[in-house]
Engineer: 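Input: one structure, supplied below.
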Amino acid sequence: SLAKGDEKSPSCFGYPLSIFFIIINEFCERFSYYGMRAVLVLYFKYFLQWDDNLSTAIYHTFVALCYLTPILGALIADSWLGKFKTIVSLSIVYTIGQAVMSVSSINDLTDHNRDGSPDNVSVHIALSMIGLILIALGTGGIKPCVSAFGGDQFEDDQEKQRTRFFSIFYLSINAGSLLSTIITPILRAQECGIHSKQRCYPLAFGVPAALMAVSLVVFIIGSGMYKKVKPQGNIMIQVSKCIGVINLPRSEICHNMRKASEKRLIAQTKAVLKVLFLYIPLPMFWALFDQQGSRWTLQATTMDGNFGSIQIQPDQMQTVNPILIIIMVPVVDAVVYPLIKKCKINFTPLRKITVGMFLASLAFVAAALVQVQIDKTLPVFPAAGQTQIKVINIGTDGATVQFESPLQSVNVMSMESTGYMTFDTSRLQSVNIISGNKTTSEVITLPGGSRHTLAVKNAANIVAKWVSLFINNLPDTINITMGDTAFETLMSFSASNYNLFPGGRKDNIMAIINSIPCSVTSKTLGFGSAYTIVINGCTGNTLDVTYSEDISPNTVHMAWQIPQYFILTCAEVVFSVTGLEFSYSQAPSNMKAVLQAGWLLTVAVGNIIVLIVAGASKLSEQWAEYVLFAALLLAVCIIFAVMAYFYTYTDPNEIEAQFDEEEKKQVKKDEDVYEKQTEAVSRM
């Protein structure tokens, strides 16, 4: 039934005009959500000063909550407020939550002594938790309602337009996601503040809050055009009661469920359970899909991101998915599906979902093949009982270095270095160094399972030292800065610790020697590489440095990840878009949001599967884990294909029309009985 005054809404290009407001609303909401989520972990770590483990735990708790609250949203929408009022109410909660997050990140809120750090971190933590809970309630609560509400806008004879709407709807999700994950990290990197300049988290959270407010306003503007389906009772409780009744003997059903409305509920519950049963294998797809942000990003850290004048960072490869989605959705919708139809292939929704699962499995096979190539280029690190040593000669004379037990000798020319040599840690006792006519020896006590660099120099005496990164080869004390990173003061012939820098770029190296600044632009630091840099001197304010390569740069290009992203994106297009459409088309009118929430719940379960499988497999090789996930999804895909084969598509509207007809007949029958009884009474 429709709300009073909900006549057929105005149309544009054959589509209800109201859906354009819904699509704009979804774009803004997804921008708000993904934009906030993109900087959330960094906010935990650098602003709230939480460690990595706590930051990660709270982050994933928040994401899990966002995928559990759709059940609550569906219950409110289908049983109480209706989809429109639920979306408006929870969007207000959502907007408030985003605003609270923005306020919680204002450093000056509690920085009374103006030292650049909050004086009362507990206030910021409390505000952050309140904000995140409100956001989780908002985003999860409206998630199952918006797409279903969009589907409600179409007439029964607009099946083609409804299918196209779900594709455009999914496109708007990815457009919002793509733009926000590019823009909000840029906003965060800015500096802002009243008393002291800090990373601008208030702006990074504030812009998503503003977009959520825009989303709410746009949705309300279209209010007069929407077709609003009235909520039809507390359906979740009714369904729960009904599930136990469905399997009773027919005679008992006839006895217990005589009313037509109760029979209708049983039929609707059966329809929902049929679809929910089909959902059981689906989380395995999400188990693979969501590893884009974890395993595939880690894989990218071992690859070369040099794209000519552009240097792509490993975590930026995730943007390939939304970019491809924006391209693929219209192509598949306007070209691929019509071609399949012309070939007279009945490409049903469940067949599309099956193909999507198969393609996702194929994407992980592609990832495994790439991993095999990467593994061939990776350095071999020492095992637990082994030690690897390389030698750098920073003196002017050649040197011979001899390791005792077993005896192994290596000659190193001036300003050159050896590769890493592997030794049994328990048998590695001492090292003898011969340079010119001088000899020295040192006892070796090194931990196993690690790499070490030995720097040697023949000066007044032979000097040997275990070093890393910068080595001061000067007689003076120096201060070194590389890019924005300042290192500790280095005494003569001492070394700094290693530090991490973005790969694929050059940085300015500056050394202050006797109060005189000397600098030089570093060589391009390849992705995944590690260097020891020797500071030799300063000529005309130009620093003289020598590089010793500890780990060679990655040689497998990140572009080799594009095929696996492409295959997985194709899988997402035919799986996820179709899943939204299928959930809507098979749901009774009063349970559409419930079924949408069930679909979203498969995402949460999929993420749990990743933790279980990765934890239980104990595979040492990453390519083997990719193959394991591919095999599991392929097996699940076959099971789903069998389940789909026996599934019978239903038309909820047709079934409900039959019940309406039966109810009319029952009413007519009751009226006839009543009339006969009345006549009999009057004759008496």
Side-chain angles (χ1 to χ4, degrees), residues 9 15-36 66-95 97-98 134-154 161-177 180 208 211-223 225-229 231 329 576-585 587 589-601 603:
S9 62
Y15 293 86
L17 190 61
S18 55
I19 69 155
F20 295 100
F21 291 93
I22 294 169
I23 287 168
I24 294 170
N25 163 270
E26 183 66 10
F27 168 82
C28 294
E29 189 276 326
R30 290 290 85 187
F31 185 107
S32 176
Y33 174 72
Y34 283 109
M36 178 275 303
C66 289
Y67 281 102
L68 290 173
T69 49
I71 299 293
L72 178 63
L75 177 64
I76 294 170
D78 282 344
S79 308
W80 181 27
L81 293 178
K83 298 184 191 74
F84 175 77
K85 288 182 179 177
T86 300
I87 293 169
V88 171
S89 303
L90 291 180
S91 290
I92 293 170
V93 172
Y94 195 166
T95 307
Q98 290 279 32
L134 293 176
I135 291 168
L137 286 172
T139 187
I142 69 173
K143 203 184 286 283
C145 303
V146 179
S147 59
F149 187 69
D152 286 343
Q153 307 309 306
F154 295 89
Q161 287 90 338
R162 181 186 286 131
T163 301
R164 188 69 57 83
F165 159 75
F166 281 114
S167 294
I168 297 170
F169 183 83
Y170 204 72
L171 195 67
S172 70
I173 291 173
N174 283 276
S177 166
S180 65
L211 261 290
M212 193 57 226
V214 170
S215 171
L216 176 60
V217 170
V218 168
F219 186 74
I220 293 173
I221 288 172
S223 175
M225 303 177 195
Y226 298 139
K227 183 195 293 184
K228 301 166 189 171
V229 179
V329 167
S576 194
V577 175
T578 307
L580 287 170
E581 178 193 344
F582 176 77
S583 296
Y584 183 88
S585 68
S589 60
N590 61 334
M591 298 186 192
K592 292 188 185 296
V594 172
L595 217 46
Q596 294 287 326
W599 172 264
L600 294 168
L601 199 59
V603 181

Engineer: Can any side-chain N or O of Q98 pair as donor or acceptor with the backbone N or O of S32 at less than 3.5 Å?
Structural biologist: yes
Engineer: Could you tell me the separation between the OG atom of S215 and the CD1 atom of I142, rounded to the nearest 0.5 Å?
Structural biologist: 6.0 Å
Engineer: Would you find a donor on one side and an acceptor on the other, under 3.5 Å apart, between the side chain of T139 and the backbone of A136?
Structural biologist: no
Engineer: Of the non-hydrogen atoms in G141 and L90, which two are nearest, and what is the gap between them?
Structural biologist: CA-CD1, 3.5 Å
Engineer: I want to check something: taking the side chain as every heavy atom from C-beta on, are I87 and F84 in contact at a cut-off of under 4.5 Å?
Structural biologist: no
Engineer: Would a distance-only check, ignoring hydrogens and angles, find a side-chain to backbone donor-acceptor pair under 3.5 Å from S177 to I173?
Structural biologist: no
Engineer: If you measure from CD1 on I135 to OH on Y94, what distance do you get to the nearest 0.5 Å?
Structural biologist: 7.0 Å
Engineer: Heavy atoms only: give me the nearest S18-Q153 pair and the separation to one decimal.
Structural biologist: OG-OE1, 3.2 Å
Engineer: So that I know where these two stand, are F154 and F166 an aromatic pair - ring centroids less than 6.0 Å apart?
Structural biologist: no
Engineer: Does F31 have any side chain to side chain contact (heavy atoms under 4.5 Å, CB included) partners at least two apart in sequence or in another chain, and if so, which?
Structural biologist: L179, S180, I183, V207, L211
Engineer: What are the two closest heavy atoms between T86 and C145, and how far apart are they?
Structural biologist: CG2-SG, 4.0 Å
Engineer: Is it true that the side chains of E26 and S172 contain a donor and an acceptor less than 3.5 Å apart?
Structural biologist: no
Engineer: Working to the nearest 0.5 Å, report the span between CZ of F20 and CD1 of I23.
Structural biologist: 6.5 Å
Engineer: What are the two closest heavy atoms between D152 and K227, and how far apart are they?
Structural biologist: O-CD, 3.1 Å
Engineer: With rounding to the nearest 0.5 angstrom, report the SG to CG distance, C66 to L137.
Structural biologist: 9.0 Å
Engineer: How long is the straight-line distance from NZ of K85 back to CD1 of I76, given to the nearest 0.5 Å?
Structural biologist: 13.5 Å
Engineer: Going through the checks in order, is the side-chain contact (heavy atoms from CB on, under 4.5 Å) test met by L81 and S89?
Structural biologist: CA-CA 9 Å; L81 293 178; S89 303; 4.1 Å; yes
Engineer: Start with the C-alpha gap between I19 and F169, add the side-chain angles, then the distance that decides, and say whether side-chain contact (heavy atoms from CB on, under 4.5 Å) holds.
Structural biologist: CA-CA 9 Å; I19 69 155; F169 183 83; over 6 Å; no
Engineer: How close do L216 and N25 get, heavy atom to heavy atom, and via which atoms?
Structural biologist: N-ND2, 4.4 Å
Engineer: Are Y226 and F149 an aromatic pair, judged by ring center distance below 6.0 Å?
Structural biologist: yes
Engineer: Run the side chain to side chain contact (heavy atoms under 4.5 Å, CB included) test against A213 and tell me which residues pass, sequence neighbours left out.
Structural biologist: T95
Engineer: Do you know the tightest heavy-atom contact between V214 and C28?
Structural biologist: CG1-SG, 4.0 Å
Engineer: Would you compute the distance between atom CD1 of I24 and atom CD of E29 and round it to the nearest 0.5 angstrom?
Structural biologist: 14.5 Å
